[in-house]
Amino acid sequence: MSNTQIANELGRDRKTIRKWLKKDEPLKYQRTVKKPVSLIRIKPISKREWKKAA
């Protein structure tokens, strides 16, 4: 099976598949945790922009 066929099957880029196949060991899965955006920081900016638009 070609790298392109594997990529299509997995929904990944063929270059990613090539990189994975070059590795001696499988990559460890590490889930990244996204930090929530604080609305306290966004609120003052929004008010300022709202006043400019009005």
Side-chain angles (χ1 to χ4, degrees):
M1 185 180 263
S2 72
N3 290 356
T4 303
Q5 289 172 325
I6 296 170
N8 290 337
E9 188 74 26
L10 296 176
R12 299 288 184 160
D13 188 75
R14 62 183 172 75
K15 294 176 199 166
T16 302
I17 302 302
R18 182 176 59 206
K19 181 176 76 172
W20 288 351
L21 293 174
K22 284 184 178 181
K23 299 279 184 183
D24 292 334
E25 298 179 7
L27 298 173
K28 291 182 181 178
Y29 177 75
Q30 294 181 348
R31 184 175 187 165
T32 57
V33 179
K34 294 183 180 180
K35 294 181 182 180
V37 176
S38 173
L39 293 177
I40 294 171
R41 289 189 224 155
I42 295 174
K43 193 172 180 179
I45 296 170
S46 298
K47 281 184 179 180
R48 206 176 319 130
E49 294 301 318
W50 183 263
K51 287 179 183 178
K52 286 181 184 178

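Since the structure is predicted, the reported quantities are computational estimates derived from the model, not experimental observations.
- Here Ile6 contributes atom CD1 and Thr16 contributes atom OG1; the two are 12.5 Å apart, rounded to the nearest 0.5 Å.
- The line from CZ of Arg14 to OG1 of Thr4 is 6.0 Å long, rounded to the nearest 0.5 Å.
- Between the CD1 atom of Ile17 and the NZ atom of Lys19 there is a distance of 10.0 Å, given to the nearest 0.5 Å.
- Between Ala7 and Asp13, the shortest heavy-atom distance links the atoms CB-C, 3.9 Å.
- Once rounded to the nearest 0.5 Å, the distance linking OG of Ser2 with CG of Asn8 reads 8.0 Å.
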